[in-house]
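One structure is given below, encoded as structure tokens.
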Amino acid sequence: MTQSKYISLVEIDNNNILLYSTFNTSLIVLPKQIYESIFVQQCYENDEYVSQLKSLGFLVEDDTAQLKQIESIRKQNLSSGEQVVNIFSTNNCNARCYYCFENGIDMVDMSEQTADATVEFIKEYYPQKKLKIIWFGGEPLYNFSTIIRITKALKEAGYLLSCHVTTNGSLVSQEIIDFLSLNYDRVSFQVTIDELGNDYGKIKRYIDCDVQIAFERTINACHLLIRNSIILSIRVNYLDKQIEAAKKVFMSLYDTFSYADKEKFLIYLAPLTLLESCQGCPDSSNHLLELLRFHYEKGVYKNIRSNKCDDLLSLFNLMPKGGACRAANKMHITITAEGKIFPCNRYAKYNNYSIGDVLTGINKNNSFYKFFYNWQVVEEKCKTCSILPICQGGCKALKTLYKKKDFVCQRKDIQSDLLRMFYTKLFNK
Ligand code: SF4
Ligand code: SF4
């Protein structure tokens, strides 16, 4: 008998310790002396507690079995789940945000030939006829003709489509909404608004609009989306030290769009680190606890899952996963405006990380392909890390592109705080 390696714990008061299995989400509160006798002194004579801890996965017969199970889930996750393709209709953009991780990319539109080759590639690569397209860029709406071309061809090929448009919002029009609503079963938009008024215009530095009217243009676009019942999330990017300013932006936007149906409308804060880490991954914030508390208080992300416990585990980043992120799935790839294929859009401007292209397909012998989609846990420190089932080795882009291996592990430092926050919210302490 031995202890599972995948346990997080926190002292919840002077007498009790909360144990959480990151492997299977079991929770147990143990009196301190019981915890010490079983987990510190490794005395397994208290039958009642020991059998309960065994059935919950805190004690195990063989300490490698759980790792094997984690690897098997990772393997399964690689090719299961939703079919999603991230397509850059263009690398070009009408804004010049200082923080854009694509700064330096070739500003080209997807050509008609590449669009047609993209359709042919999709028909071969995605066997099911249900497909989600994330329109990305650059500013995807800057080259809407490519969106029309690919959409029509995939519809003709019998695909049932849904889409998510990641946009700065400036070019949204009724015609665009009408086309998407007609051709996609589900349409959602993500619009980034980092500042209010003229400060917004100063950050975006649009090349087609004066600073003074840029904010109003984007706000009007959001109103238009809401009036058309389109699912809309507004993302407020902020630098780590400016979370208070970001909260003010959040509250102001919250008031502006207070009339929106909350089932179809969401505002959230997203930390920028300038380390170019995944901006969709709040793990990278030094203010993660504060951010999550704010999101909890404002009801962001509630009702995602079926019960409060799972909602809270998910909100506080405590839920085990099948892979480090959405990119840990071969069914979720990125195609750039040049037709190059990447496992994650972070690599889009680095051709040496391409795993293929739409004309020749994916090269499975490519060493980066093998590295990115390796389901085995390679790093020794990860194998025994208490949060491996949650972190899954972390963002590969951080490790490969930015050489920020240790940065990934920072979230371990706040694991107990996350657990305490989860516990207090779950039991309204
Ligand atoms: S990357 Fe760091 S935090 Fe993540 S599983 Fe590995 S050791 Fe743990
Ligand atoms: S590899 Fe990193 S940057 Fe890419 S999707 Fe995953 S977490 Fe984000």
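Positions are given from 1 along the sequence. The analysis underlying the following values was restricted to heavy atoms, covering all of them including side chains, and did not include hydrogens, waters or symmetry mates.
- Electrostatic pairing of Lys130 and Asp185 does not count as a salt bridge here, judged by no charged N lying under 4.0 Å from a carboxylate O.
- At least one side-chain heavy atom of Val377 sits less than 4.5 Å from a side-chain heavy atom of Arg74.
- Separating the CG atom in Asn94 from the OG atom in Ser170 is a distance of 4.0 Å, to the nearest 0.5 Å.
- Within the 3.5 Å criterion, the main-chain N or O of Val84 finds a donor-acceptor partner in the side chain of Tyr126.
- No side-chain N or O of Ser386 forms a donor-acceptor pair with one of Gln415 less than 3.5 Å apart.
- Within a 6.0 Å radius of CD in Gln376, more than 12 heavy atoms belonging to other residues, nucleotides or ligands are found.
- Ring geometry for Tyr206 against Tyr200 counts as tilted: the plane angle lies between 30° and 60°, on a 0 to 90° scale.
- Geometrically, Lys396 engages Phe371 in a cation-pi contact, judged by NZ or CZ lying under 6.0 Å from the ring centre and within 45° of the ring axis.
- Nearest approach of Gly201 to Ala214, heavy atoms of both residues: CA-CB, 4.0 Å.
- Taking Lys5 as the reference, Asp63 meet the salt bridge (charged side-chain N to carboxylate O under 4.0 Å, His left out) condition, with sequence neighbours excluded.
- A donor-acceptor pair under 3.5 Å is absent between the side-chain atoms of Ser162 and the main chain of Arg186, judged by distance alone.
- The closest side-chain heavy-atom distance from Ile122 to Ile133 is not below 4.5 Å.
- Residues meeting the salt bridge (charged side-chain N to carboxylate O under 4.0 Å, His left out) test with Lys155, sequence neighbours left out: none.
- For Thr166 and Gln190, the side-chain atoms include no donor-acceptor pair closer than 3.5 Å.
- At least one side-chain heavy atom of Leu266 sits under 4.5 Å from a side-chain heavy atom of Val300.
- Side-chain contact between Glu338 and Asn91 is present, with at least one heavy-atom pair separated by less than 4.5 Å.
- Of all heavy-atom pairs spanning Met107 and Cys93, the tightest one is SD-N, 4.2 Å.
- Between Phe39 and Ile7, some side-chain heavy-atom pair lies under the 4.5 Å cut-off.
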Problem - Intermediate values then yes/no, salt bridge (charged side-chain N to carboxylate O under 4.0 Å, His left out), Glu290 and Arg293 - result: CA-CA 5 Å; Glu290 199 177 337; Arg293 196 175 293 118; over 6 Å; no
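- Ring geometry for Phe294 versus Phe250: interplanar angle over 60°, hence perpendicular rather than tilted (30 to 60°).
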Problem - Full working for side-chain hydrogen bond (donor to acceptor under 3.5 Å, both in side chains) between Tyr184 and Thr151 - result: CA-CA 9 Å; Tyr184 290 85; Thr151 304; 2.6 Å; yes
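- Considering all non-hydrogen atoms of both residues, Asn317 and Ile390 come closest at O-CG2, 3.4 Å.
- Crowding of Lys129 atom NZ: a count of heavy atoms from other residues, nucleotides or ligands under 6.0 Å exceeding 12.
- The aromatic rings of Tyr369 and Tyr373 sit perpendicular to each other, their planes meeting at more than 60°, with 30° as the lower class boundary.
- Remark: Glu195 does not engage Lys204 in a salt bridge, criterion side-chain N to carboxylate O under 4.0 Å.
- Using a 4.5 Å cut-off on side-chain heavy atoms (C-beta onward), Phe342 and Asn351 make contact.
- Taking the six-membered ring where the residue is Trp, the centroids of Phe368 and Tyr347 are separated by under 6.0 Å.
- Between Asp255 and Ser252, the side chains place no donor N or O within less than 3.5 Å of an acceptor N or O (distance only, hydrogens not considered).
- Note on Lys308 versus Asp311: no salt bridge recorded, every NZ/NE/NH1/NH2 to OD/OE distance being 4.0 Å or above.
- Applying the ring pair (Phe, Tyr, Trp, His ring centres under 6.0 Å) test between Phe88 and each of Trp135, Tyr142, Phe136 identifies Phe136 as the sole match.
- Put simply, CD1 on Ile134 and CD1 on Ile87 are 10.0 Å apart, with the number rounded to the nearest 0.5 Å.
- Taking CD1 of Ile38 as the reference point, atom CG of Leu59 lies at 6.5 Å (rounded to 0.5 Å).
- When every heavy atom of Ser80 is checked against every heavy atom of Asn329, the shortest pair comes out as O-ND2, 2.6 Å.
- In this structure a side-chain-to-backbone donor-acceptor pair under 3.5 Å is missing from Asp194 to Ile203.
- Residue Gln42 places its CD atom among more than 12 non-hydrogen atoms of other residues, nucleotides or ligands, all under 6.0 Å distant.
- Between the side chains of Thr90 and Asp109, at least one donor N or O sits under 3.5 Å from an acceptor N or O.
- Within 6.0 Å of NZ in Lys75 there are 12 or fewer heavy atoms belonging to other residues, nucleotides or ligands.
- Scanning all heavy atoms of the two residues, the minimum distance from Thr424 to Met421 falls at OG1-O, 2.9 Å.
- The number of heavy-atom neighbours closer than 6.0 Å to CD of Glu48, taken from other residues, nucleotides and ligands shown, is 12 or below.
- The residues Lys32 and Glu11 are annotated as salt-bridged, a charged nitrogen and a carboxylate oxygen being separated by less than 4.0 angstrom.
- Ion pairing of Lys247 with Glu244 is present here, as a side-chain N (NZ or NE/NH1/NH2) and a carboxylate O approach within less than 4.0 Å.
- Taken to the nearest 0.5 Å, the CG atom of Asn363 stands 10.5 Å off from the CD1 atom of Ile341.
- A cation-pi geometry, defined here as NZ or CZ lying under 6.0 Å from the six-membered ring centre and within 45° of its normal, holds between Lys262 and Tyr254.
- Closest approach of Cys382 and Gly393 over heavy atoms only: SG-CA, 4.1 Å.
- Taking 4.5 Å as the limit, every side-chain heavy atom of Leu318 sits out of range of all side-chain heavy atoms of Thr22.
- In summary, the side chains of Asn345 and Thr334 do not present any donor paired with an acceptor at a separation below 3.5 Å, with no hydrogens or angles considered.
- Contact of the Ile176 side chain with the Ile147 side chain is not registered, since no non-hydrogen atoms from C-beta on lie closer than 4.5 Å.
- With sequence neighbours left out, the salt bridge (charged side-chain N to carboxylate O under 4.0 Å, His left out) criterion links Lys364 to no other residue.
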Practice task
Could you check Glu71 against Lys68 for salt bridge (charged side-chain N to carboxylate O under 4.0 Å, His left out), going step by step and ending with a plain yes or no?
Solution key: CA-CA 5 Å; Glu71 288 186 324; Lys68 282 189 190 135; over 6 Å; no
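- Under the 3.5 Å distance criterion, the side-chain polar atoms of Lys340 are left unmatched by any main-chain donor or acceptor of Asp357.
- Between Phe265 atom CZ and Ile226 atom CD1 the span is 5.0 Å, to the nearest 0.5 Å.
- Side-chain N or O atoms of Thr146 include one that pairs as donor or acceptor with a backbone N or O of Met110 at under 3.5 Å.
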